[in-house]
2 protein chains.
Amino acid sequence: MSDRVSTRQRRLLLEILRETGSHLSAKELFRQAVQRDPRISLASVYRNLHLFEELGLVDGKRLDRNCCYYEVKRSRQHYDLVCNCCGRVTEFESPLIEKLVGEVQERTAFEVTKAVLYLEGYCKQCEGQSKKP
Amino acid sequence: MSDRVSTRQRRLLLEILRETGSHLSAKELFRQAVQRDPRISLASVYRNLHLFEELGLVDGKRLDRNCCYYEVKRSRQHYDLVCNCCGRVTEFESPLIEKLVGEVQERTAFEVTKAVLYLEGYCKQCEGQSKKP
DNA sequence: TATTAGAATAAGAATAGTTCTCATTCTCAA
DNA sequence: TTGAGAATGAGAACTATTCTTATTCTAATA
């Protein structure tokens, strides 16, 4: 696996990820990519998303049962709040997570490389709703 | 959906979950269940795992790309450390998580119903290894 | 105990996200 | 420009999960 990101497809995918900013599923990323380059294949999308993750360019998160969502890695770590009702994703930041990771590393001799954290619940608009909309 | 848990299959599944204690995939749970009752079907395993989750008897966690892992809910909340190398899952507890959830609820008016948190990395034994074993 | 309506089940088909395969195409160092 | 190795496209394959439907079970009631 090379360190370079130098193919037409990779450039296009990163471009879309950077422009979009928010969470994209592989399918949606593919949909957008096809519009600009009809020759691109879904396999390349998956292949390169994995590559980008390995290179640390992109973060992949599984926010629901179905699929992963990807976004370019940002300088400030953030975590997601996923509404069970409307599906909207909002973000939050907190130093408590770094603190938690530190605590774990000290107490357990486990070398943490990635923290998977998100919270499910109901957003302001959907509060008081029951399980399904 | 009833509140009762009164079928042969449900009793068996809960029994296995309780005996095992640790994380079981649907497939593995099915494998064990078939040994005791060859007539049980995989569909029942999934159906009832969802039911148990709704009833608050069981926790389902997606610790890797592939599938969910289930275990009976315990009184003390815990979170998992998943080794990228050997796959072993160890557990940890920390009050920081409750603190974090509280912070989110205060700051964002988001009503949290579930916190999904686990850490990936390398356990003591596998430390220093590169990505794949 | 027998009846019975509604709930749960078994079996396997269907679905969907993801990964794999391999022949073809591209990239880039020389 | 060339050639070796890397990346791609197309679609088949895979896998976890969900759905469908005829059948069976459960448990409240007679």
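Quick note on labels: first sequence line is chain A, next is B, and so on, each numbered from 1.
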For the side chain of [X], starting at C-beta, report the closest nucleotide among [options].
| X | options | answer |
| --- | --- | --- |
| A/S44 | D/dG9, D/dT17, D/dT26 | D/dG9 |
| A/K27 | C/dT27, C/dG17, D/dG9 | C/dG17 |
| A/R62 | D/dT26, C/dT18, D/dG9 | C/dT18 |

| query | When all nucleic acid strands are considered with a 4.0 Å heavy-atom cut-off, which category describes B/R47: base, sugar-phosphate, or nothing? | reply | base

| request: Identify whether any heavy atom of A/L42 sits under 4.0 Å from a base atom; if not, whether one sits that close to sugar-phosphate; answer base, sugar-phosphate or nothing. | output: base

Give the rounded distance in Å between these two atoms: [atom1] of [X] and [atom2] of [N].
| X | N | atom1 | atom2 | value |
| --- | --- | --- | --- | --- |
| B/L12 | C/dA8 | CG | P | 17 Å |
| B/D37 | D/dT24 | CG | C1' | 13 Å |
| B/D64 | C/dT18 | CG | C1' | 13 Å |
| B/L24 | D/dA16 | CG | P | 15 Å |
| A/N48 | C/dC20 | CG | P | 15 Å |
| B/N66 | C/dT19 | CG | P | 8 Å |
| B/E28 | D/dA16 | CD | P | 12 Å |
| B/R39 | C/dG12 | CZ | P | 16 Å |

| query | Hey, is B/K61 close enough to B/E91 for a salt bridge, meaning N to O under 4.0 Å? | reply | no

| Electrostatic pair A/K99-B/E103, nearest N-O below 4.0 angstrom | no

I want to check one thing: is the phosphate of [N], taken as OP1 and OP2, less than 4.0 Å away from some side-chain N or O of [X]?
| X | N | answer |
| --- | --- | --- |
| A/S6 | C/dC28 | yes |
| B/Y46 | D/dT17 | yes |
| A/Q9 | C/dC26 | no |
| A/H50 | C/dT19 | yes |
| A/T7 | C/dT27 | no |

| 5′-ward residue of the pair B/A43/B/R8 relative to DNA chain D | B/A43

Under 4.5 Å between any side-chain heavy atoms of [X] and [Y], yes or no?
| X | Y | result |
| --- | --- | --- |
| B/V116 | A/V82 | no |
| B/D64 | B/Y69 | yes |
| A/Q77 | A/E98 | yes |

